[in-house]
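Proteins get letters first, then strands, A, B, ... in listed order; numbering begins at 1 in each.
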Amino acid sequence: MFVDPKLQQELERVAVLRKLPAGAELMRAGDAITHIPIVRKGSLRILAQDAEGRERFLYHIMPGETCALSLTCCASKRTSSVMAVVEEDVELWMVPIQYLETWMDFPEWRRYVNDTQAQRFNELLETIEVIAFNKLDEQLWNYLLKRVQATGEPILRVTHQEIANELDSPREVITRLLHQLQARGRVSIGRGTVDVKMGAGMAAGS
DNA sequence: ACATTAAGTGATT
DNA sequence: AATCACTTAATGT
């Protein structure tokens, strides 16, 4: 994980290793943040969540990465505003937040925190762009692609309803858009599954 | 066989 | 693009 043996040693000393199965919820909006999760294996899916329980997919956290939001959240001692769901079975290092600051003495840690912040920021911008300027069919395709990339599995076990929830859109619309994608050979759908055909981008249409 | 859940459809705004 | 009302199909017990 870290090159600096001292930092690595610190990590192994204070972090609690935690394993969670796909689909498990690591945290929900409103939860207090006591630990910073660093993904060792697997991946997490991060969703925005509002007071009424509506959701919105934001991005994934992949191995070696940590949640930039928890970093800023605990720095300002606020509660989480996002929900974290396990995408692919994960192993997490749970680092008590107190070490966030004390570890700043390690240059490598500073760089790591900085890098993840920058990376997340870019990803966030990207998803904002998708949400703000793209039509739902493009958002859907983007969503499917990201999830496939995050799981390494081309076949997603998801219902239309679940997708609809995460894109905050009615199920019927998702069903119809999935059919369009199927007609274009980009996916094939089964009950509770979507088989995503990887390959070229979205290109042309309607 | 029955109940439940997922998906498909058409009409309406 | 959203919402409704309803049908049909798959799946679990």
Rounding to a whole Å, what distance do you find between [X]:[atom1] and [N]:[atom2]?
X        : N     : atom1 : atom2 : result
A:Leu167 : C:dA1 : CG    : P     : 12 Å
A:Leu140 : C:dA2 : CG    : P     : 13 Å
A:Arg176 : C:dA2 : CZ    : P     : 12 Å
A:Leu156 : B:dA6 : CG    : C1'   : 16 Å
A:Ile174 : B:dA6 : CD1   : P     : 15 Å
A:His179 : C:dA1 : NE2   : C1'   : 18 Å
A:Gln161 : B:dT4 : CD    : P     : 18 Å
A:Arg191 : C:dA9 : CZ    : P     : 12 Å

So which nucleotide from C:dA2, B:dG8, B:dA6 ends up closest to the side chain of A:Arg171?
-> B:dG8
Phosphate OP1/OP2 of C:dA2 contacted by A:Ser169 side-chain N/O (<4.0 Å) = yes
Phosphate contact (B:dG8 OP1 or OP2) by A:His160 side-chain N/O below 4.0 Å = yes
Any side-chain heavy-atom pair from A:Glu108 and A:Val3 closer than 4.5 angstrom?
-> yes
Going by distance alone, is a donor N or O of one side chain under 3.5 Å from an acceptor N or O of the other, for A:His60 and A:Ser43?
-> no
For the residue pair A:Gln8 and A:Glu12, confirm or rule out a side-chain donor-acceptor distance under 3.5 Å.
-> yes
For A:Ile155, which residues count as a side-chain contact (heavy atoms from CB on, under 4.5 Å) partner, sequence neighbours excluded?
-> A:Glu153, A:Thr193, A:Asp195
By nearest nucleotide on DNA chain C, pick out whichever of A:Leu177 and A:Glu172 is the more 5' one.
-> A:Leu177
